Student: 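The structure is given below, and queries will be raised subsequently.
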Number of protein chains: 2
Amino acid sequence: MTLDQQPLPSARDRLLTAAGELFYVRGINATGIDAVVERAGVALATLYKQFGGKDRLVAAYLEERDHRWRADWEAAIATTTDPRQRVVAIFDALERWWGTEGCYRGCAQVDAAVEITDAEHPAIAAITRHKTHLRQRLTELTREAGAAEPEQTAADIVVIYEGTITALLLQLVPEPLQRARRLTTELLPTDNRR
Amino acid sequence: MTLDQQPLPSARDRLLTAAGELFYVRGINATGIDAVVERAGVALATLYKQFGGKDRLVAAYLEERDHRWRADWEAAIATTTDPRQRVVAIFDALERWWGTEGCYRGCAQVDAAVEITDAEHPAIAAITRHKTHLRQRLTELTREAGAAEPEQTAADIVVIYEGTITALLLQLVPEPLQRARRLTTELLPTDNRR
DNA sequence: GTTCTACTAGAACGGTCGTTATACTACGGA
DNA sequence: TCCGTAGTATAACGACCGTTCTAGTAGAAC
């Protein structure tokens with residue numbers, strides 16, 4: 001067996017990890033570059049060498065979050081073969097994230113969109129990619145679940161999904177995840193194979 | 001007839017107006033106190049005399065937004081006597097706000113909750129009040145519309161409402177307001193009086 | 001006329017921001 | 001051995017942050 005030698009993460013990865021923790025919990029504008037560098041245990045010049053500046057570090061942070069969410073969604077979807085359950089699985093992924101994270105601050109992409117008002121900021125494109133992917137993936141899943149209009153049903157579910165994220169953040173309603181699963185299920189055709 | 005002499009708004013009101021425009025469009029953390037003072041055409045010392053500091057100015061800004069929203073909701077609700085239409089009216093108010101505002105940045109209360117991570121910040125209480133009022137008002141309206149479980153139906157609508165706000169901000173789906181009205185209507189009992 | 005209040009203009013405080021520059025170290029490959 | 005790469009530590013830059021302070025002005029109340 002090979003030794004499980006930890007490859008000790010590169011300076012770039014350590015920066016990305018530190019940025020992820022700080023930007024998400026404290027906010028992007030409220031987090032200074034020095035705090036990221038200190039938490040990563042890395043020299044300031046390395047940050048500029050790797051990312052060129054804060055803006056592109058923020059964009060890279062959101063890209064990384066996007067990749068993790070896509071993986072989490074797919075993992076949740078893969079737990080079942082029932083086409084209707086596979087649609088609802090995005091809320092299982094959301095529940096896992098909500099329960100795991102030390103501090104829940106909603107969707108990192110939405111938070112960034114609120115904080116960043118400059119349309120030219122490189123993070124904006126990353127946010128759009130993340131949300132577009134979710135809508136497209138839900139369209140596939142609702143089609144496989146037999147929806148008459150998969151695009152429309154997927155759009156409905158996107159609204160419920162975003163509302164659930166906000167409801168979790170602000171604790172607006174009791175049991176938002178149960179609620180979201182029920183609302184979503186009601187949008188899908190009933191299983192009439194039997 | 002009395003002369004319509006404009007009472008020229010007080011320094012406090014001018015500060016609140018300027019703060020509302022700048023905090024909403026540029027974000028709270030990204031807006032300096034100097035910019036607010038300059039736009040209001042007011043001395044810096046007046047801001048501190050009236051509000052004591054930025055934190056309480058932010059809280060006052062959110063309170064003012066809360067009052068305006070409550071008035072907008074009631075105005076939209078009052079346009080009809082149909083109990084089911086009265087529930088859906090919150091989306092008419094949202095549509096009006098979305099179309100009127102020069103720059104739509106979502107819900108000011110949610111934006112503030114994203115930007116402010118300190119739970120002791122005086123704005124947090126204002127945000128909670130705003131959202132609690134919406135849920136309670138929707139509970140009354142769904143009860144009047146004949147919902148079997150008004151609290152639960154109202155909570156469902158809150159989720160749809162918050163999701164619609166995010167969908168508008170990020171342009172996630174086509175026709176989010178039509179969508180929200182349809183989803184909400186489906187949650188209410190059908191009119192079976194005839 | 002004096003006093004009180006609300007307001008103005010402007011400077012200064014210490015602190016943090018994102019960014020750039022300087023100088024040094026460790027190491028792998030040619 | 002030399003060179004390029006990737007990293008380190010530290011200092012400095014100009015700009016802006018929220019806050020406090022000083023000093024002066026206009027008007028109403030008494």
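Quantities reported herein were computed from a predicted structural model and do not represent experimental measurements. Here is the naming used below: chain letters follow the sequence lines, and residue numbers restart at 1 for every chain.
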Student: Can you figure out which of C:dT19, D:dT19, D:dA9 approaches the side chain of A:Y48 most closely?
Tutor: C:dT19
Student: Taking atom P of C:dT20 as reference, at what distance in whole Å does atom CZ of A:F51 sit?
Tutor: 16 Å
Student: By a strict heavy-atom criterion of less than 4.0 Å, which residues belonging to residues 36-43 of chain A are in contact with DNA chain D?
Tutor: A:G41, A:V42, A:A43
Student: Rounded to the nearest 0.5 Å, what separates atom CG in A:L183 from atom CD1 in B:I160?
Tutor: 6.0 Å
Student: Decide, yes or no, whether a salt bridge links A:R105 with A:D111 under the criterion of side-chain N to carboxylate O below 4.0 Å.
Tutor: no
Student: Calculate the interatomic distance between B:L44 atom CG and C:dT8 atom C1'; express it in whole Å.
Tutor: 11 Å
Student: In the structure I gave you, are the side-chain heavy atoms of A:I165 and A:V110 within less than 4.5 Å of one another anywhere?
Tutor: no
Student: Does D:dA6 have OP1 or OP2 under 4.0 Å away from a side-chain N or O of A:K49?
Tutor: no
Student: Give a yes/no on whether any side-chain N or O of A:T46 is located under 4.0 angstrom from OP1 or OP2 of D:dA6.
Tutor: no
Student: I need the NZ-C1' distance between B:K54 and D:dT19, as an integer number of Å.
Tutor: 12 Å
Student: Is the ring centre of B:Y161 less than 6.0 Å from the ring centre of B:F91?
Tutor: yes
Student: Hey, is CD on B:E144 packed in by over 12 heavy atoms from elsewhere, all under 6.0 Å?
Tutor: yes
Student: Rounded to the Å, how far apart are B:R12 CZ and C:dT5 C1'?
Tutor: 17 Å
Student: Looking only at side-chain N and O atoms, does A:Q50 come under 4.0 Å of OP1 or OP2 in D:dG7?
Tutor: yes
Student: Taking the six-membered ring for Trp, are the ring centroids of A:W73 and A:H67 within less than 6.0 Å of each other?
Tutor: no
Student: Scan residues 15-35 of chain B against DNA chain D and write down, sorted by residue number, each residue with any heavy atom closer than 4.0 Å; if none is found, say none.
Tutor: B:T31, B:G32, B:I33
Student: Can you give me the closest heavy-atom contact between A:A119 and A:I124, atom names plus distance?
Tutor: O-CG1, 3.9 Å
Student: Report yes if at least one side-chain N or O of B:R56 is closer than 4.0 Å to OP1 or OP2 of D:dG18; otherwise report no.
Tutor: no
Student: Can B:R137 and B:E74 be counted as an ion pair, charged N to O under 4.0 angstrom?
Tutor: yes
Student: Looking at A:R143 and A:E140, is there a salt bridge between them, counting it only when a charged N and a carboxylate O are closer than 4.0 Å?
Tutor: no
